[in-house]
Amino acid sequence: MIRTFAEHHIRQTTLLDGPWDFIRDYEDHGLQNNWHERFPHPEKVLHVPSCWNNELHLYDYEGVAWYRKKLRTKDSQHVRLIFHAVLGHADVYLDGQHLGYHYGGYTPFEFIVPSLPAGEHELIVRTDSTLDKLTIPTELVDWFHYGGIIRSVELQIVPNLYLDKLQIKYELDESDANINVRVNIRSLSLEDESTPFTLYAGDQQIHSQNLRVGAGQTLELEVKLNWTDVRLWNPGAPELYLFKAMLDEDDKIERIGFRKIETRQHRILINGSPVYLKGVNRHEEHPEWGFAFPPKLMRKDLDIILELGCNTVRGSHYPQSSYWLDLLDENGIVFWSEIPIWGAMLPNETVCEPLFQERALTMMEEMVNMHQHHPSIVFWSVHNEIDSRTQDAYELTKRMVELVRQLDSSRLVTYATMHPLEDVLLPLVDVIGINKYYGWYEGQVEGFKGMLEKFHERTEALGAGDKPVLMTEFGGAGIFGDVGWEPRLFSEDYQSHIVTEALHIFREDPRIGGTYIWQFADIRGDLKSNGSHFRDRARSFNNKGLVNEYRKPKQAFREVRRIYKSWED
Ligand code: ADA
C-alpha cells in the first residue's frame, strides 16, 4: 500500500510487488543488460519491496544487484511505471531498452512507455547501493544504509489524455482560503483530442470545462477558488479535504489540510496558536525489514508515538513513506522532513563538489514535490550536522534554502546544527535545530544550560535571536534490559537520567520551542569491522532508542511518557 486512501478510481493501477528474480553482481559488469547470458539462473527470488541485507548471507552486501520481473499487458497500452523508492543508483530496462537512470533512495521516479504492445514483458532494474565520497549519504554515516527496491513498484495504464500533475496550493486568511489548483494534462495521442475536465472537493463538483489538447502536448491549467469557513488542520485535531480531478478516462486524487504556519517569539504557531513540540527522531527502519517498512508496522509506530505523548516526529534522516505521512496527517502530528545529508563526518571539500550539490538540490526538490500536500509537514530541513562553521557550507545552504522557498513558501526551512556556538548559517533559516549530547558525548547533562546561554547571546548578536530553537537531538544509549541499582553508562537507568534531565532543562528555557529525543527506536548501525568509526555501538546498533528495535519500551520510554503527557502543548 502506497497511501492510506485511493489515488485513482478510474485509472488502472497494479503493484508489481511480490517475487522478483535477484542476483548480486560482485564484479560489477557495468550497465550491460545481458541478464540471460551472465546470469542464466537467478541467485534467489526476493520479495519486493525489501532490503536485500535482511536476507540470509546478504547481511553486509554493498554493491550492484539486478532485479527482474515478468509482466503481461493486454492490447497496446500506454504504461506508466513508478518506482516509489530504490536505494542508491537505479537503471531501469524494459524489454532490453534502457528507460533511464535515477540517483537517490527515498523519492519516486517514473517512466512513461507509450503504446506498449500486448504480451509478456521483462522489467530489469540494476541497483547499486555503494556509498562513496559524493553519494548522499556519503560513505561515513551512522545508520545501516541497506540496498534494494524498498518501496512499491507501480504499473499504471494511462489513456491518450492523462492527468500528469494535480497541485493544490492556498493562502489562508483566518478560515478563508484562496486556493490555486494546477493541473497538467498530457497527451500521448498522435492527434489533437478533447475531454471534459471536472474538479471535485469531496463529492461536490466545484469546476468543470471542456479541453482540447494538441497531439503529444502537455496542457497546463489553473483553477482559482475562494472558499470561506474552511475547517482547519490543527495538531491533535486534523481536518482533511480530498480533491479529485477527472477527465473522460482518467482521474487523480490528492488530499490536503488547511493550516497556516508562522513563528513568533521563539514559538511555532499553527493557525495563530503556539505549539510546544514534544517529539522523537524516527528512522523508518526495522531489523527484519530495513527501510522497506511495512504499513502494518507504521501503524504500530504511530500508536507507540501517540502513547508516548508526542505531537511531532522528526523524520531522521531521509524522506519517509507517503503512507507514514498520511497517518500523521490523519492524526494531527507535526512532521520534520529532511534529506539524507548526514554531515558529522563530512569533509568540507565535499560540500563544494558540483555533483554532491546537484544531488542535494535534486533530492530536496524531489522530496518537496513528493510530500507537498501533507499538512503534517511543517519543516523542510536541508541537512544534518554538516560543518556549519564554513563559508562553503553557507553557500550550499543558501542555494538549498532558496530552492525550497521557491518551491514552497508555506512551510518553515531549517537544518540541524552540531556547532551551535560557531555556526554561520543561522540567519539563513526560519527555525534553528540543535543536536547536542551533554551527558553522553560531552560532559554532564547540566552542560546544556551553559551552552544554551552562550547560544542565545550569539543568536542575539547575529540578529537571529527571535527564531524558534528546537532541540533536535539529545540522548544517550541504553541497552534494552540492562537495568541496575545505579545509572551506569549503557544502562537503561543512565539513558533515562540523561533524557529526563535534559527535557527539564529545555522546558525551563523560554527560547526553546520543542524537543526531539534521539531517538524513537534502536537502529542497526553501519559498523564496519575494519573501520575505526562507531566502535562504541554495542551489538552494531545505535542503542539510543526509547524502545528497542522490536519496539519494546525501555525505562526512558516510561519516564518520557510521564513527562510529555504532563506538559501542555
Ligand atoms: C548525531 C546524528 C545521529 C546519530 C547521533 C548519535 O547527532 O545526527 O544520526 O548519529 O548523532 O547517536 O551519535
Side-chain angles (χ1 to χ4, degrees), residues 105-106 131 135-146 279-285 291 313-320 336-346 350-351 379 381-389 393 414-423 425 432-443 445 447-448 451 455 469-480 489-490 492 494-496 498-499 502 506 515-528 531-549 554 556:
Y106 307 90
L131 297 186
T135 52
I136 300 182
T138 57
E139 56 203 351
L140 281 177
V141 63
D142 187 18
W143 67 80
F144 192 81
H145 62 276
Y146 296 96
V280 281
N281 284 275
R282 170 185 181 262
H283 267 276
E284 195 160 281
E285 196 255 9
F291 291 147
V313 175
R314 175 173 176 227
S316 50
H317 287 298
Y318 36 78
Q320 305 202 339
W336 164 306
S337 194
E338 67 189 34
I339 60 162
I341 298 188
W342 189 87
M345 295 170 187
L346 190 74
T350 305
V351 304
F379 307 103
S381 172
V382 296
H383 45 63
N384 177 65
E385 294 191 348
I386 68 171
D387 188 348
S388 50
R389 299 167 295 187
T414 188
Y415 66 97
T417 179
M418 64 186 286
H419 299 291
L421 302 183
E422 296 152 286
D423 193 304
L425 316 179
I432 298 162
I434 298 182
N435 295 358
K436 271 283 168 196
Y437 285 85
Y438 286 99
W440 188 255
Y441 294 124
E442 43 190 323
V445 199
F448 276 117
M451 182 279 289
F455 175 73
V469 179
L470 304 176
M471 297 308 300
T472 34
E473 284 187 33
F474 56 97
I479 307 289
F480 179 70
L489 278 180
F490 286 101
E492 285 194 23
Y494 186 63
Q495 177 196 24
S496 182
I498 298 178
V499 172
F506 303 148
T515 53
Y516 290 87
I517 297 162
W518 186 265
Q519 59 182 336
F520 168 56
D522 291 348
I523 52 161
R524 183 174 162 188
D526 196 15
L527 191 79
K528 294 192 175 65
S532 55
H533 300 287
F534 311 120
R535 294 195 80 95
D536 65 335
R537 303 290 197 255
R539 314 184 299 133
S540 297
F541 270 70
N542 185 321
N543 295 292
K544 301 189 188 75
L546 299 179
V547 297
N548 77 357
E549 64 275 24
K554 302 183 196 168

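Numbering of ligands and ligand atoms starts at 1, following listing order. Keep in mind it's a predicted model, so treat the numbers as computed, not measured.
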>> Residues around ligand 1, heavy atom under 4.0 Å from any ligand atom, sorted by chain and number. Can you pull those?
In response: Asp142, His317, Trp342, Asn384, Glu385, Asn435, Tyr437, Tyr441, Glu473, Trp518, Arg537, Asn542, Lys544
>> Could you tell me if the side chain of Trp518 sits less than 4.5 Å from the side chain of Ser316, heavy atoms only?
In response: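 Sidechains of Trp518 and Ser316: in contact.
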> Are the side chains of Glu549 and Phe480 in touch, meaning some heavy atoms are under 4.5 Å apart?
Replying inline: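 Contact flag for Glu549/Phe480 side chains = no.
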> Are any side-chain N or O atoms of Thr472 and backbone N or O atoms of Ile434, one a donor and one an acceptor, separated by less than 3.5 Å?
Replying inline: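 Checked: pair present.
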>> Between His317 and Glu338, do the side chains contain a donor N or O and an acceptor N or O under 3.5 Å apart?
In response: yes
>> Is it the case that the side chains of Asn548 and Arg539 hold a donor-acceptor pair, with the cut-off being a distance below 3.5 Å and no angle test?
In response: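 Note: Arg539 and Asn548 side chains miss the donor-acceptor criterion.
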> Are the aromatic rings of Trp336 and Tyr415 close, with centres under 6.0 Å apart?
Replying inline: no
